[in-house]
Amino acid sequence: MSEATTLLDRVQELQDAATAQVAAATTTAELEDVRVAVLGRKAELPNLLRGVSELPPAERGAAGKAANVARGAIEKALAERKSSLASAEEAVKLAADRLDLTLPGSPQLPDGALHIITSTWRDVEDVFVGLGFSVLSGREVETTHYNFDALNHSPTHPARAATDTFYVSDDVVLRTHTSPMQVRAMEQYDPPLYVVIPGRVYRRDYDATHLPQFHQVEGLAVDVGITLSDLKGTLMAFARSIFGGELDVRLRPHFFPFTEPSVEIDVACFNCTDGWIGGDRCPVCRGEQWLEILGAGQVDPNVLRAVGREEYHPERVQGFAFGMGIERIAMLRSGIPDLRLYMENDVRFLEQLR
Ligand code: PHE
């Protein structure tokens, strides 16, 4: 037997052994070890190839070719095995990393919600925007001129008392209502004027139905030929929209220094609509069966004069104005009679008013 024949047999043996090892490898890491063992620098097959040059010239061709074919076959087997092992490994890894996106997060964060004062404020604003009014905002620190004088309060009007009003200085107060914005709006904008002005107001009061700081929405409409029926129609539309047309509403004559004539609008007391059974009299309306939600009236000519603009001369334009308490409206909608609860921010309370 020639050396070449022995060599060819050995090449075949090495190829068979190598392909068996390749097939037996179960991981890409094992396969890499196989590759180094069969084709690496110290492996037998590459070294046999180097030995081909020492064969007699006539045998070199066949031997070299056989060794190269073997090498090619092993490389091909390695590549195929590698790609099938790699994709199996990838699949295992993906399965282990699998994320169930439908599982609830942990810890679960509580959802926030608008405070009932904020949502009521927005709802009231929305109703008037729907009726064609624009929204303005005003200042909470106000001069006595805008808060009282320009609104036709006499110099001795009781609302000016330091027991009722927070004074910052002799002629600066925390506004006691949003009405000072009536005159400011007329100073700034020409008629026709249809505006609502929501905001915070301050009074020295604190009990179940009064807070030292609360919220009002002022309304002002000034145009040619505005009458009390425009006021009535507008506020009835508002009340129906906010209370869903279920609660009874009434207009009652009243007095405000800055409107003439003046009215108060009441809605039926939510707490004793079906008769009060809790004792002497319902604590919410004090037995009146009605709750006042807003004051209103025709703008007093003296207020139009205080603006000091020809465009607002009382013989040219007329207007109506109204002011409502947001807390009152929230209270009526939620049925919770103690206003202090709205300010304490006890989450257990707020949760119920979502
Ligand atoms: N400013 C009045 C109050 O706070 C409400 C009001 C506004 C009345 C506008 C008439 C017109 O009670």
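Both ligands and their constituent atoms are indexed starting at 1 by order of listing. This is a predicted model, so every value here is computed, not measured.
Any N or O atom pair closer than 3.5 Å counts here, and Gln182 shares no such pair with ligand 1. For the pair His177 and ligand 1, the shortest N or O to N or O distance falls below 3.5 Å.
Using a cutoff of 4.0 Å between basic side-chain nitrogens and carboxylate oxygens, Glu288 and Arg286 are not scored as salt-bridged. Taking a cutoff of 4.0 Å between a charged side-chain nitrogen and a carboxylate oxygen, Glu44 and Arg10 qualify as a salt bridge.
Protein heavy atom in closest approach to atom 7 (C) of ligand 1: Gly323 N, 3.2 Å. Scanning the protein for heavy atoms near atom 2 (C) of ligand 1, the closest one is Phe258 CZ, 3.8 Å.
With 3.5 Å as the limit, one finds a donor-acceptor pair spanning the side chains of Tyr194 and Asp223. One side chain, Arg305 or Asn302, offers a donor N or O that lies under 3.5 Å from an acceptor on the other.
Residue nearest to atom 8 (C) of ligand 1, selected from Gly295, Gly297, Pro257, Gly219: Gly295 (by heavy-atom distance). For atom 3 (C) of ligand 1, the nearest non-hydrogen atom from the set Glu264, Met324, Glu218, Arg203 belongs to Arg203.
If you look at Ser179 next to ligand 1, the close heavy atoms, those under 4.0 Å, all belong to the side chain.
Ring centroid separation for the pair Phe214 and Tyr342 does not come in under the 6.0 Å cut-off. Taking the six-membered ring where the residue is Trp, the centroids of His153 and Phe256 are separated by 6.0 Å or more.
Within the 4.5 Å cutoff, the side chain of Glu125 has heavy atoms near those of the Pro198 side chain. Considering only heavy atoms from C-beta on, Val196 stays 4.5 Å or farther from Glu218 through its side chain.
Near Ala296, meaning under 4.0 Å from one of its heavy atoms, ligand 1 places the atoms 8 (C), 10 (C), 11 (C). Numbered from 1 in the order shown, with element, the atoms of ligand 1 that lie under 4.0 Å from a heavy atom of Gln216 read 3 (C), 4 (O). Counting the atoms of ligand 1 from 1 in the order shown, those under 4.0 Å from a heavy atom of Phe322 are 7 (C), 9 (C), 11 (C).
Residue contacts with ligand 1: Arg175 is excluded, as none of its non-hydrogen atoms falls under 4.0 Å.
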